[in-house]
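The following block contains the structure, expressed as structure tokens.
Values in this document were obtained by computation on a predicted structure and should not be read as measured data.
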Amino acid sequence: MAGRQSFEDVTAGLETKSDKIRALARAGYLRTEISSLLAIRYQHVRKVLADAGISEGLKKEVQLEREPVSIQVEEDAATTTVAPTSWEVLLRAGFRFLGEWTPGEDESFRLDAAAPTDGGVYSFVVDDVVMYVGLTQRGLKQRLDGYRRGHERQRTNARVKALILEALSAGKRVKVLIASPEEGSWNGLPVNMSAGLEAGLITKVQPAWNILGVG
């Protein structure tokens with residue numbers, strides 16, 4: 001696992017196996033890994049961690065994240081005007097208003113509300129017009145914070161951050177809408193409803209900030 005300390009570094013200076021078990025779990029090692037590395041039974045690892053109230057290492061969380069969907073527009077089509085979509089369309093469909101991006105100092109901004117930690121679909125609305133639609137599996141709080149930081153190495157974050165700053169500098173309101181659809185199924189197979197909602201919205205609405213080359 002990237003960024004995880006080595007077994008030797010974590011257990012250096014620890015004398016008892018119980019201390020090593022606790023330290024390895026806190027360092028991100030799975031219980032099955034700890035059992036193998038220390039050559040002890042899995043049940044022993046589980047008991048030590050349960051007694052210590054440590055839940056780390058119980059299961060491995062797999063996080064899948066991709067870049068938000070962007071629209072590639074051909075040159076001939078770029079001059080075609082797409083009718084703007086009011087944020088009321090999303091509200092009627094089940095999105096809820098979370099808050100607004102508010103300007104700060106030194107080209108910064110912040111969200112004036114606490115974003116939830118669960119995943120879902122989000123939209124940025126400028127003067128009541130839907131300008132951007134995105135998806136996060138990790139959590140809305142973490143994803144929205146990414147736009148606020150806008151690291152240059154994360155191209156989407158940096159690009160959208162610049163667009164938000166431009167709108168705020170022009171005195172416009174930038175609202176944030178969110179939705180967390182329940183998971184569905186198709187013929188017994190799981191379906192990610194959030195991913196489908198994001199892709200469908202972008203195809204239908206064609207938000208300006210989702211179009212490659214904007215900003």
Straight-line distance of Arg148 CZ to Leu111 CG, nearest 0.5 Å: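 So the gap between those two atoms works out to 9.5 Å.
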
Nearest non-hydrogen partners of Arg149 and Gln142, listed with the distance: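 The pair with the smallest heavy-atom distance is NH2-O, 4.4 Å.
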
Straight-line distance of Ser35 OG to His44 NE2, nearest 0.5 Å: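 NE2 of His44 is found 10.5 Å from OG of Ser35.
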
pair Val160-Phe124: side-chain heavy atoms closer than 4.5 Å: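 Contact flag for Val160/Phe124 side chains = yes.
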
Hydrophobic cluster of Val89, others only, ordered by chain and residue number, side-chain cut-off 4.5 Å: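 For Val89, no cluster forms, as it stays isolated from other hydrophobic side chains.
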
Results of side chain to side chain contact (heavy atoms under 4.5 Å, CB included) for Pro116 - residues two or more places apart only: Arg96, Leu98, Asp118, Leu140, Ile178

Stepwise side-chain contact (heavy atoms from CB on, under 4.5 Å) test for Leu90 and Leu201: CA-CA 9 Å; Leu90 300 189; Leu201 272 177; 3.7 Å; yes

Listed partners of Ser36 passing side chain to side chain contact (heavy atoms under 4.5 Å, CB included), at least two apart: none

Side chain to side chain donor-acceptor pair (under 3.5 Å) partners of residues 167-181, not counting sequence neighbours, each pair once: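 Every side chain to side chain donor-acceptor pair (under 3.5 Å) pair that includes a residue of residues 167-181, provided the two are not neighbours, is Glu100-Arg173, Asp128-Lys175.
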
Minimum heavy-atom distance Ala25-Ile54, with the two atoms named: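 Nearest pair, atom of Ala25 first, then Ile54: CB-CG2, 4.2 Å.
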
Minimum heavy-atom distance between Ala27 and Val10, given as atom pair plus value: CB-CG2, 3.8 Å

Contact summary for Pro207 and Val133, nearest pair of heavy atoms: CG-CG2, 3.9 Å

Which donor-acceptor pairs under 3.5 Å do the side chains of residues 187-195 make with protein atoms, sequence neighbours left out?
| from | atom 1 | to | atom 2 | distance (Å) |
| --- | --- | --- | --- | --- |
| Asn192 | OD1 | Ser194 | N | 3.1 |
| Asn192 | OD1 | Ala195 | N | 2.9 |

Phe95 side chain reached by Leu197 side chain, heavy atoms, under 4.5 Å: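 Leu197 vs Phe95: side chains touch.
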
Worked verdict on Trp209 versus Val126 for side-chain contact (heavy atoms from CB on, under 4.5 Å): CA-CA 11 Å; Trp209 291 2; Val126 179; 3.7 Å; yes

Which residues share a salt bridge (charged side-chain N to carboxylate O under 4.0 Å, His left out) with Asp51, sequence neighbours left out: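 Result, salt bridge (charged side-chain N to carboxylate O under 4.0 Å, His left out) vs Asp51: Lys47.
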
Point-to-point distance, once rounded to the nearest 0.5 Å, from CG of Asp145 to CZ of Arg110: 11.0 Å

Flag, side chain of Ser123 to backbone of Tyr132, donor-acceptor distance under 3.5 Å: yes

Spacing of CG belonging to Leu38 relative to NZ belonging to Lys20, to within rounding of 0.5 Å: 6.5 Å

Leu37: side chain to side chain contact (heavy atoms under 4.5 Å, CB included) partners, not counting sequence neighbours: Phe7, Tyr29

With Asp19 via side chain to side chain donor-acceptor pair (under 3.5 Å) - residues at least two apart: Thr16, Arg22

Full working for side-chain contact (heavy atoms from CB on, under 4.5 Å) between Trp101 and Leu144: CA-CA 10 Å; Trp101 291 118; Leu144 294 175; 4.1 Å; yes

Within one Ile-Leu-Val-Met-Phe-Trp-Tyr cluster: Leu91 and Val205, side-chain cutoff 4.5 Å: yes

Side chain to side chain contact (heavy atoms under 4.5 Å, CB included) involving Leu165 - partner list, sequence neighbours excluded: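 Leu165: side chain to side chain contact (heavy atoms under 4.5 Å, CB included) contacts with Glu107, Phe109, Lys161.
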
Among Val174, Asp112, Leu168, side-chain contact (heavy atoms from CB on, under 4.5 Å) partner for Thr102: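 One option only clears the test, and that one is Asp112.
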
Steps toward side-chain contact (heavy atoms from CB on, under 4.5 Å) verdict (Val130, Gln206): CA-CA 9 Å; Val130 177; Gln206 296 188 29; over 6 Å; no

same_hphob_cluster(Leu14, Ile34) at 4.5 Å side-chain heavy-atom cutoff: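 No, because Leu14 and Ile34 fall into different hydrophobic clusters, even though each may have its own neighbours under 4.5 Å.
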
Residues in side chain to side chain donor-acceptor pair (under 3.5 Å) contact with Ser6, at least two apart in sequence or another chain: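 Counting only residues at least two positions away or on another chain, Ser6 forms a side chain to side chain donor-acceptor pair (under 3.5 Å) with Asp9.
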
Salt bridge (charged side-chain N to carboxylate O under 4.0 Å, His left out) contacts in which one or both residues fall within residues 32-44, not counting sequence neighbours: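 For residues 32-44: Arg4-Glu33.
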
Other residues, nucleotides, ligands: >12 heavy atoms within 6.0 Å of Gln43 CD: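 For Gln43, atom CD is crowded (more than 12 foreign heavy atoms under 6.0 Å).
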
Value rounded to 0.5 Å, distance of CZ in Arg92 from CH2 in Trp87: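 One gets 12.0 Å once the value is rounded to the nearest 0.5 Å.
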
Euclidean distance, Arg143 CZ relative to Thr136 OG1, rounded to 0.5 Å: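 If we round to the nearest 0.5 Å, Thr136:OG1 and Arg143:CZ are 6.5 Å apart.
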
Student check: side-chain heavy atoms of Val125 and Phe97 closer than 4.5 Å: no

